[in-house]
Amino acid sequence: MLPVITVLQQATAKAIYTHYNVEISPSDIQIQETRKDFEGDYTIVIFPLTKHKLGSPPQIAETLGTLLKESVPFVQSCSVVQGFLNLTFENNFWKEFIVSHQGIDLSHSFFSPDEGKGKKILVEFCSPNTNKPLHLGHLRNLMLGESVVRMYQSLGYRSIACCLYNDRGIAICKSMYAWQKQFQGITPDSESYAGKGDKLIGDCYVAFSRILEAEVKLLTEEKGMTKEEAEKNAPCMIAINEMLIQWENGDPAIRELWATMNGWVYKANNRIYERLNIHFEKFYFESDLYESGRDIAYEALEKNIFTKREDGAIGIDLTSEKLDFKVLVRSNGTTVYMTQDLGTADQKYDDFQQEKSVYVVGNEQEYHFKVLFLILKKLNRAYAEGLFHLSYGMVNLPTGKMKSREGTTVEAEDLMDEVIAVAKENTIELGKTEGMNEKEIDALSTILGLGALKYFLLKVDPAKNMLFDPKESVDLHGHTGPFIQYAYTRTASVKREAVNRNIAPLAMMDKVEEIMHESEKNLIKSLYKYPSVLRDAANTYNPALLANYAYEVAKDYNRFYHDCKILMADKPYLSAARFAISNLTGQTLKKCLDILGIDVPERM
RNA sequence: GACCUCGUAGCUCAGUUGGAUAGAGCAACUGCCUUCUAAGCAGUAGGUCACAGGUUCGAAUCCUGUCGGGGUCACCA
């Protein structure tokens with residue numbers, strides 16, 4: 001079944017051709033949903049056609065309206081308001097949609113079109129350092145990445161979630177050094193850490209900053225050094241640089257400490273991924289890949305794609321692209337961050353031969369990825385066309401920016417615990433927990449709390465910076481995850497109740513005039529849009545589109561629920577129709593939330 | 001300084017490739033549970049779409065400039 005908009009575009013283009021003998025591409029016909037204050041379902045915008053000299057807008061609209069009524073079976077009537085041709089569909093069109101989709105589950109092609117079948121997409125996200133705990137920013141990243149994975153899965157793609165650990169380098173050495181100095185013998189299992197190795201590492205990292213501060217203070221005050229000199233010459237800085245060299249030389253003791261401490265972070269992060277219901281299929285490690293681009297650089301130099309500067313540095317001149325000369329191998333022979341990215345990109349393609357490859361990384365790295373993708377294109381990589389940087393904005397707090405050095409970060413897991421606790425409080429307060437045991441209450445609170453948090457992060461356009469208000473993020477009313485979850489539980493409740501009432505399926509011969517209450521029709525129209533919303537959201541890598549759509553459906557359902565008796569309607573066919581609509585709503589909401597990584601309860 | 005990006009109701013955000021009278025939620029006020037879950041529904045109030053020009057049948061949307069927020073401009077990651 002073609003989407004209505006496509007059908008109408010084609011029919012309109014054809015009508016214009018037969019009547020005016022003017023050829024217009026169907027995709028140039030502007031069609032939109034009719035605004036609420038006007039009569040109609042879809043509207044053709046006539047103004048753009050005036051440039052083909054077909055007459056005045058009202059004339060064209062009248063003519064096309066008449067022709068469309070004849071050629072498109074489901075167009076019942078039309079009205080012309082200025083340059084807009086409003087089309088009203090036969091109620092049968094909407095009923096047909098409900099009849100043919102009643103009782104479908106999430107594996108139905110309506111929810112899971114297979115247009116991406118045989119294609120692969122790789123999504124890299126989270127990409128944490130191993131020297132501090134995941135924070136609020138990572139949560140936004142995680143939710144975006146996971147949603148993109150699931151959107152493409154729903155389109156039939158083989159969708160692969162991967163995560164690149166930045167597990168080596170000077171920052172890691174800082175935590176290691178501080179542990180040696182101040183945390184000897186302390187492990188995640190020590191009393192104050194309750195198994196949370198990421199917190200221990202984070203504390204080490206902060207401790208290093210303190211050590212450095214103290215040493216710098218000493219050097220500036222007693223030896224009269226400048227701040228820069230002091231930072232360079234502080235004993236702890238000398239020590240970590242030494243440590244980095246030892247690491248690179250494979251010093252067993254250093255490597256062992258490194259592996260142990262990273263292990264603490266992996267364990268903690270894995271627990272968080274698990275709690276968020278996020279599953280990475282593949283982990284990459286910087287420690288395996290950090291030199292992997294060097295060969296590519298030399299190879300490119302041979303092919304004259306890269307050049308050697310007078311000072312010996314190898315890189316690529318991008319001034320013709322209005323960018324700078326980008327160094328990829330330093331004059332001392334070492335590689336830079338982007339060199340590693342070249343190697344990693346090849347590695348990914350070797351592993352998966354994907355058509356599309358997405359990097360979910362904050363917008364501060366836009367320039368980096370612009371250059372990286374351009375270089376890969378110039379290197380003629382087969383996968384270069386499928387690269388996409390899903391760039392997202394910062395998450396700010398009401399108190400200002402998060403800064404790890406100032407301790408104003410919000411740690412991911414603390415936040416998760418908090419939203420769950422608040423959800424629990426609210427649930428109990430509302431008296432919704434009657435008949436539930438403690439375990440069930442906790443399970444529900446988790447679904448609601450995390451649902452609120454996840455939805456809060458996903459409803460905002462990824463491109464934009466957002467403000468994270470902790471109070472708002474645990475809200476259960478209004479434009480929130482729990483609001484949508486609640487609408488779902490209503491559909492579930494109706495379904496349970498239906499068993500007692502012998503609701504027959506809706507049949508095509510059932511009367512239609514009466515089943516088109518306004519709030520009923522609005523809901524059906526919203527449900528109908530699901531596949532095109534999914535496509536838009538996937539094509540633009542924007543889960544917010546789906547998040548806002550789910551809210552719209554939930555709102556429409558709540559109005560429908562309020563206005564129309566579902567199981568207790570006057571006529572059996574009314575109940576049948578409404579029950580079918582209710583069920584399709586339930587599945588749609590469940591599917592949308594699932595793509596957003598949000599669970600639904602069956603009652604709340 | 002150069003480049004990128006954002007600026008919509010008191011606050012947080014929607015607003016399709018330019019289309020009709022710019023929409024939600026929160027906060028405030030008012031109604032609605034004897035009925036499938038009121039974590040809901042309905043209503044009131046709230047706007048110079050930062051500002052100034054331009055493009056055109058038509059601009060929150062496109063162009064130019066100004067102001068303001070954020071970001072990036074490494075042989076850092």
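Each chain gets a letter, A, B and so on, in the order the sequences are listed, and its residues count up from 1. Only this structure's heavy atoms are used, side chains among them; waters, hydrogens and symmetry mates stay out. Predicted, not measured: the structure shown is a model, and the values here were computed from it.
- The phosphate of B:G40 (OP1 or OP2) has a side-chain N or O of A:H477 nearer than 4.0 angstrom.
- A close approach under 4.0 Å does occur between a side-chain nitrogen or oxygen of A:K432 and OP1 or OP2 of B:A39.
- With A:R294 contributing its side chain and A:G333 its backbone, the two residues share a donor-acceptor pair below 3.5 Å.
- Using a 90° window around 0 for the glycosidic torsion, B:C33 falls inside it and is classed as syn.
- Between the side chain of A:R490 and the backbone N or O of A:R603, no donor-acceptor pair lies under 3.5 Å.
- Spacing between B:G47 and B:U8 at atom P, rounded to whole Å, works out to 15 Å.
- Within the nucleic acid shown, A:V45 comes within 4.0 Å of at least one base atom, counting heavy atoms only.
- In this structure, A:M338 atom CE and B:A77 atom C1' are separated by 11 Å, rounded to whole Å.
- Taking 4.0 angstrom as the limit, A:R35 places a side-chain polar atom (N or O) nearer than this to OP1 or OP2 of B:G23.
- Judged by Watson-Crick or G-U wobble contacts below 3.5 Å, the nucleotide B:A28 has B:U44 as its partner.
- Residue contacts shown for A:P48 include a base, since a base heavy atom lies under 4.0 Å away.
- Taking the P atoms as reference points, B:A50 lies 10 Å from B:A60, given to the whole Å.
- RNA chain B is contacted by both A:V329 and A:A463; A:A463 maps to the nucleotide lying nearer its 5′ end (nearest heavy atom per residue).
- Protein atom CG of A:N363 is 19 Å distant from nucleotide atom P of B:C3, rounded to whole Å.
- Listed nucleotides B:A20, B:C36, B:A39 differ in distance to A:T43; the shortest reach to its side chain belongs to B:A20.
- Close to B:A38, at under 4.0 Å from its OP1 or OP2, lies a side-chain N or O of A:R490.
- In this structure, A:F47 does not pack face-to-face on the six-membered ring of B:G58, missing the 5.5 Å centre cutoff or the 30° plane limit.
- In this model, the phosphate group of B:A42 is approached by a side-chain N or O of A:R559 to a distance below 4.0 Å at OP1 or OP2.
- One donor-acceptor pair, N or O on each side, does fall under 3.5 Å between the base of B:A20 and the side chain of A:N86.
- Using cut-offs of 30° and 60° on the angle between ring planes, the pair A:F483 and A:Y551 is tilted.
- Nucleotides B:A27 and B:U64, compared at atom P, are 41 Å apart to the nearest Å.
- Between B:C41 and A:N558, a contact under 4.0 Å exists linking OP1 or OP2 to a side-chain N or O.
- No salt bridge links A:E366 with A:K370; every basic N to acidic carboxylate O contact stays at or beyond 4.0 Å.
- Within the structure, no pair that satisfies the salt bridge (charged side-chain N to carboxylate O under 4.0 Å, His left out) test touches residues 452-463 of chain A, not counting sequence neighbours.
- Spacing of C1' atoms, B:A14 relative to B:C26, comes out at 14 Å, to the nearest Å.
- Atom OH of A:Y551 and atom C1' of B:C13 are 11 Å apart (whole Å).
- Put simply, the side chain of A:T489 and the base of B:A39 share no donor and acceptor less than 3.5 Å apart.
- Surrounding CD of A:E440 are more than 12 heavy atoms belonging to other residues, nucleotides or ligands, all under 6.0 Å away.
- Look at A:F38 and the base of B:A20; the rings stack, centres closer than 5.5 Å and planes less than 30° apart.
- If you take atom P in B:G7 and the same atom in B:U17, they sit 15 Å apart, rounded to whole Å.
- Residue whose closest nucleotide on RNA chain B sits further toward the 5' end, between A:Q340 and A:K565: A:K565.
- At whole-Å resolution of the value, CG in A:L546 and P in B:C13 are 20 Å apart.
- Between B:U16 and B:C62, the distance separating the two P atoms is 10 Å to the nearest Å.
- Under the stacking definition used here (centres under 5.5 Å, planes under 30°), the residue A:F483 fails to qualify as stacked on the base of B:A39.
- Among the protein residues, A:E364 comes within range of the sugar-phosphate backbone only, with heavy atoms under 4.0 Å from sugar or phosphate atoms but none that close to a base.
- A distance of about 25 Å separates the P atoms of B:U61 and B:G25, rounded to the whole Å.
- The distance from atom CD1 of A:I5 to atom C1' of B:U16 is 10 Å, rounded to the nearest whole Å.
- Contact annotation for A:L476: base contact, defined as any heavy-atom pair under 4.0 Å involving a base atom.
- Nearest to the side-chain atoms of A:I566 among the listed nucleotides B:C36, B:G40, B:G19 stands B:C36.
- Between A:H389 and the options A:F373, A:Y359, A:F369, A:F125, a ring pair (Phe, Tyr, Trp, His ring centres under 6.0 Å) holds for only A:F369.
- B:C49 sits 15 Å from B:G18 when the C1' atoms are compared, rounded to a whole Å.
- Within the 4.0 angstrom heavy-atom criterion, base atoms lie near A:R309.
- When the side-chain nitrogen and oxygen atoms of A:K464 are compared with OP1 and OP2 of B:G7, one or more of them lie within a distance under 4.0 Å.
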